[in-house]
Amino acid sequence: MIYEFLKANYSESEPIFLYEIKGYSKNYIRQEMKKLADEGKIERFYNGVYYLPYTTILGTKGKISITKFIEKKYLYFNEKISGFYTGLYLSNLLGLTSQNPSCYEICSNFATTKQRKQPIEDINIVIYKPVAEVTKKNYKELQFLDLMLNIDKYSELSKEETTRKIKKYIKQSQIDFKIVKQYLPLYPDKIYRNIYEGGIMDELV
């Protein structure tokens, strides 16, 4: 019955967490999932995380999406926003650098320490503890502040092009500067210089 539930509720490459399967004891679920994995009906991705096997259009064995795993476990837990991308990975997403990040960097409410590295196969995930609890109401502003804290470190563009990209990001994300000002004191002083040099100090005053 668990297998039928999985096939009906999960798509290819979607991570399946044991805690999501309701109506059975934890021991029964573990035993059944192990049995299904041994039979090849599901694949084990990580401790307590599985996915339905599938074949790609190239005929190769499909794998789980690492971004789906990150987002489901750390960023959108139980459909509530609980984290965001940060660091070099975020800068690359915004086009501020062409460097390919060697790991995924995230801030998450589920971080147990200030910084922790979680290796999964040949991929590293670096999890940072946010300066405040991440919610639907503040995640965009906290992500913006994280970006501005290290913008001088990660951007490889000219000052003018960096400013243009930042302003575009602010507009698209609809950053609320009233919320930004609430959390600004929680960051190191260097962030003020980066915001000033980024040409957006007027938004804060």
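Keep in mind that this is a model prediction, so the values were computed, not measured. Residue numbers count from 1 along this sequence.
- A donor atom on one side chain and an acceptor atom on the other are not found under 3.5 Å apart for E43 and Y54.
- A side-chain donor-acceptor contact under 3.5 Å links T135 to the backbone of K137.
- Within 6.0 Å of NZ on K63 lie no more than 12 heavy atoms contributed by other residues, nucleotides or ligands.
- Y154 and N92 are not linked by any side-chain donor-acceptor pair at a separation below 3.5 angstrom, with hydrogens and angles left out of the test.
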task: Before giving the answer on ring pair (Phe, Tyr, Trp, His ring centres under 6.0 Å), spell out for F144 and F177 the whole-Å C-alpha distance, their side-chain angles and the decisive distance to 0.1 Å.
output: CA-CA 10 Å; F144 165 75; F177 278 88; 5.6 Å; yes
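- Counting only distance, with no hydrogens or angles, the side chain of Q115 and the backbone of V126 share no donor-acceptor pair below 3.5 Å.
- Residue E161 is tested with K165, R164, K159 for a side-chain hydrogen bond (donor to acceptor under 3.5 Å, both in side chains); the sole match is R164.
- The existence of a salt bridge linking K7 and E4 is excluded, since no basic side-chain nitrogen approaches an acidic carboxylate oxygen closer than 4.0 Å.
- Between the side chain of D146 and the backbone N or O of Y85, no donor-acceptor pair lies under 3.5 Å.
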- request: Show your working on side-chain hydrogen bond (donor to acceptor under 3.5 Å, both in side chains) between Y10 and E20 and close with a plain yes or no.
  value: CA-CA 11 Å; Y10 292 89; E20 296 176 304; 3.0 Å; yes
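- For E79, the CD atom is loosely surrounded, since the number of other residues' heavy atoms within 6.0 Å does not exceed 12.
- Scanning both residues, I195 and M148, for their nearest heavy atoms gives CA-CE, 3.9 Å.
- The aromatic rings of Y104 and Y89 sit tilted relative to each other, their planes meeting at an angle between 30° and 60°.
- In terms of heavy-atom proximity, K72 sits nearest to P15 at NZ-O, 2.9 Å.
- Heavy-atom contacts from other residues, nucleotides or ligands closer than 6.0 Å to OH of Y24 number more than 12.
- Within a 6.0 Å radius of NZ in K129, other residues, nucleotides and ligands contribute 12 heavy atoms or fewer.
- The CG atom of L149 lies 10.0 Å from the CZ atom of R193; values are rounded to the nearest 0.5 Å.
- More than 12 heavy atoms of other residues, nucleotides or ligands shown are found within 6.0 angstrom of CG on D38.
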- request: List the steps and the verdict of side chain to side chain contact (heavy atoms under 4.5 Å, CB included) for Y183 and L142.
  value: CA-CA 8 Å; Y183 295 106; L142 290 176; 3.8 Å; yes
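- Between F77 and Y19, the ring centre distance stays below 6.0 Å.
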